[in-house]
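In what follows, chains are A, B, ... by sequence order, proteins preceding strands, each numbered from 1.
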Amino acid sequence: MTTFAELGVDQDIVEALATKGIVDSFPIQEQTIPLGLPGQDIIGQAKTGTGKTFGFGIPVVQRLGLDPAPGVKALIVVPTRELAVQVYEDMDMLTSNRSTSVVAIYGGKAYEGQIDQLKAGAQIVVGTPGRLIDLNNQRLLDLSGATEVVLDEADKMLDLGFLADIEKIFTKVAPVRHTQLFSATMPGPIVALARRFMTNPIHIRATDPDEGLTQANIKHLVYRAHSLDKDEIIARILQAEGGTKAVIFTRTKRAAQKLVDELNDRGFNAGSVHGDMSQEARERSMAAFKAGKKDVLIATDVAARGIDVDDVTHVINHTIPDDEKTYLHRAGRTGRAGKTGIAVTFVDWDDLHKWALINRALEFGQPEPVETYSSSPHLYEDLDIPAGTKGRIATAPKTQSVRTQKPGRAADAAADTGEDGSRRRRRRRSGTTPVGSTFTEGVDAGASAPASTEARASDASDQDGAGTHDGAGKEHHDGKPAVARRRRRRRHSGGNAPVQGA
DNA sequence: AAAAAAG
């Protein structure tokens with residue numbers, strides 16, 4: 001493992017990182033920082049929670065040097081306000097030992113403070129497109145001196161919903177500049193599109209082509225559940241697991257609001273983040289969750305990307321996401337910085353085709369979600385919860401459907417954590433786990449190529465294997481047929497992945 | 001189609 005100092009990072013930045021207990025670099029950092037420092041344009045791709053922010057952030061800070069001249073020299077664009085806050089905090093930390101000033105520019109907040117900071121000469125701007133353009137139109141934000149430009153969650157920023165804004169922003173920044181695009185997912189067509197804004201970019205993928213498409217530290221489970229029962233099941237999961245720190249994703253803002261109210265009624269300490277909340281309330285929820293004052297966060301896809309909270313144990317998809325990229329980003333809120341996590345997905349009857357798509361794209365090799373038999377409430381108790389396998393789901397029943405269960409059943413379950421738990425573990429070890437309840441740990445077919453990084457400027461293939469490939473993307477990562485690669489399932493990293501922070 | 005992002 002390489003230290004940041006060994007990568008050529010300035011001493012004051014190394015010290016700032018060390019203050020946070022960060023000394024060793026992650027692979028994406030090890031690969032992009034030496035290229036980013038001299039100004040190479042980069043498309044940086046690495047799995048969720050593996051350190052992309054510092055991968056682009058350190059070169060940005062270092063390249064600005066110690067020039068005291070006020071004015072915007074660097075621009076980092078992100079898709080959500082919460083991510084703007086987070087990346088701002090990271091950049092603020094990196095610059096803590098130098099005079100470089102950072103400002104977060106995003107909507108839902110008073111203009112005044114942001115404008116004041118710009119007038120005071122802020123040099124690094126982290127922001128969301130709407131407010132950036134707004135202030136630029138008002139001639140309060142001059143981007144013409146921005147020679148460092150980053151798109152974080154770049155594929156999202158170049159998606160239809162953002163593309164027009166991004167194109168506009170690129171007409172405002174310095175024409176001769178250093179441009180970096182980072183994301184965990186980079187479909188081929190997006191890479192091709194991205195080149196319009198870059199100069200001879202190099203595409204770095206800090207992933208071992210053999211290790212699969214998903215984060216190895218995350219265990220994935222999928223269940224079919226009737227939508228009317230999901231609140232109950234989720235409550236039971238949270239209860240049964242104990243000590244959970246969970247992010248629960250819903251498809252709509254209304255569903256998020258309904259679920260947070262429901263869980264709080266049941267005595268959970270839950271917060272929410274979605275676009276119908278005031279920005280103040282959104283940030284309060286995020287801060288409380290990050291600080292551990294709330295242990296459940298219910299969110300729309302506003303929190304699917306980039307948000308970094310320590311020690312999230314579970315991601316629960318109350319509603320299955322629309323595509324494999326969103327699945328990957330949502331699940332990636334757990335299993336960060338080498339830690340392990342669990343992603344549980346509930347699939348409504350109507351959404352089975354979405355599961356089929358995700359299953360295929362992410363090469364899970366999982367044919368069908370496990371049925372939870374919503375019509376037979378007592379079977380919820382047999383829902384095979386993976387994590388600590390702390391026993392059955394033993395929450396006191398609340399809903400009508402569960403109250404109809406046979407008397408004594410819940411009490412039995414609550415008391416029965418010993419024998420049943422070990423029986424369950426034996427069953428899993430012996431391979432008779434209900435079909436498909438877990439499928440992260442696959443058979444290791446042996447041959448494991450050494451981790452390699454592809455860094456070919458001409459390569460436009462994607463990592464998530466899903467989107468349409470453009471011409472250059474047709475070759476395989478390792479020259480072997482796709483089927484062979486698919487068969488070689490990822491190995492479970494034995495918890496020896498580097499731990500950053502803390 | 002929903003969510004996000006200016007107000």
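Each of dA2(B), dA6(B), dA4(B) was ranked by its minimum atom distance to the side chain of Arg251(A); first place goes to dA2(B). Listed nucleotides dG7(B), dA3(B), dA5(B) differ in distance to Lys156(A); the shortest reach to its side chain belongs to dA3(B). Distance from the side chain of Thr80(A) is smallest for dA4(B) among the nucleotides dA6(B), dA2(B), dA4(B). Comparing dA1(B), dA3(B), dG7(B) by their nearest atom to the side chain of Thr300(A) picks out dA3(B). You'll find that the side chain of Thr252(A) is closest to dA2(B), out of dA5(B), dA6(B), dA2(B). Of all nucleotides listed (dA6(B), dA5(B), dA2(B)), dA5(B) comes nearest to the side chain of Val302(A).
Nucleic acid contact class of Asp322(A) (heavy atoms, under 4.0 Å, all strands): base. In this structure, Phe249(A) reaches neither bases nor backbone, as no heavy-atom distance under 4.0 Å exists between it and the strands shown. Here Asp301(A) lies out of heavy-atom contact (under 4.0 Å) with every strand. At the heavy-atom level, Gly107(A) lies under 4.0 Å from the strands shown only through sugar-phosphate atoms. Using a 4.0 Å heavy-atom cutoff across all strands shown, Arg305(A) reaches no nucleic acid atom at all.
A straight line from OH of Tyr111(A) to C1' of dA5(B) spans 12 Å, rounded to a whole angstrom. Nucleotide dA6(B) holds its P atom 13 Å from the CG atom of Asn137(A), rounded to whole Å. Rounded to whole angstrom, the span from the CG atom of Asp350(A) across to the C1' atom of dA1(B) amounts to 14 Å. The separation between Arg254(A) atom CZ and dA4(B) atom P is 15 Å, rounded to whole Å. With rounding to whole Å, Lys325(A) atom NZ is found 18 Å from dA4(B) atom P. Between the CG atom of Leu158(A) and the C1' atom of dA5(B) there is a distance of 15 Å, rounded to whole Å. Taking atom CD of residue Gln279(A) and atom P of nucleotide dA4(B), one finds them 11 Å apart after rounding to whole Å. When rounded to the nearest whole Å, the span between CE of Met157(A) and C1' of dA5(B) equals 8 Å.
Counting only N and O atoms by type, the side chains of Gln31(A) and Arg205(A) include no donor and acceptor under 3.5 Å apart. There is no side-chain donor-acceptor pair under 3.5 Å between Thr334(A) and His314(A).
Proximity of Lys109(A) to the phosphate of dG7(B): no side-chain N or O atom is located under 4.0 Å from OP1 or OP2.
When all heavy atoms are compared, the tightest approach of Met186(A) to Leu181(A) is CE-CB, 4.2 Å.
When the salt bridge (Lys or Arg N to Asp or Glu O under 4.0 Å) test is applied to Arg254(A), no partner is found at least two apart in sequence or on another chain.
Here the side chains of Ile248(A) and Leu238(A) are in contact, with some heavy-atom distance below 4.5 Å.
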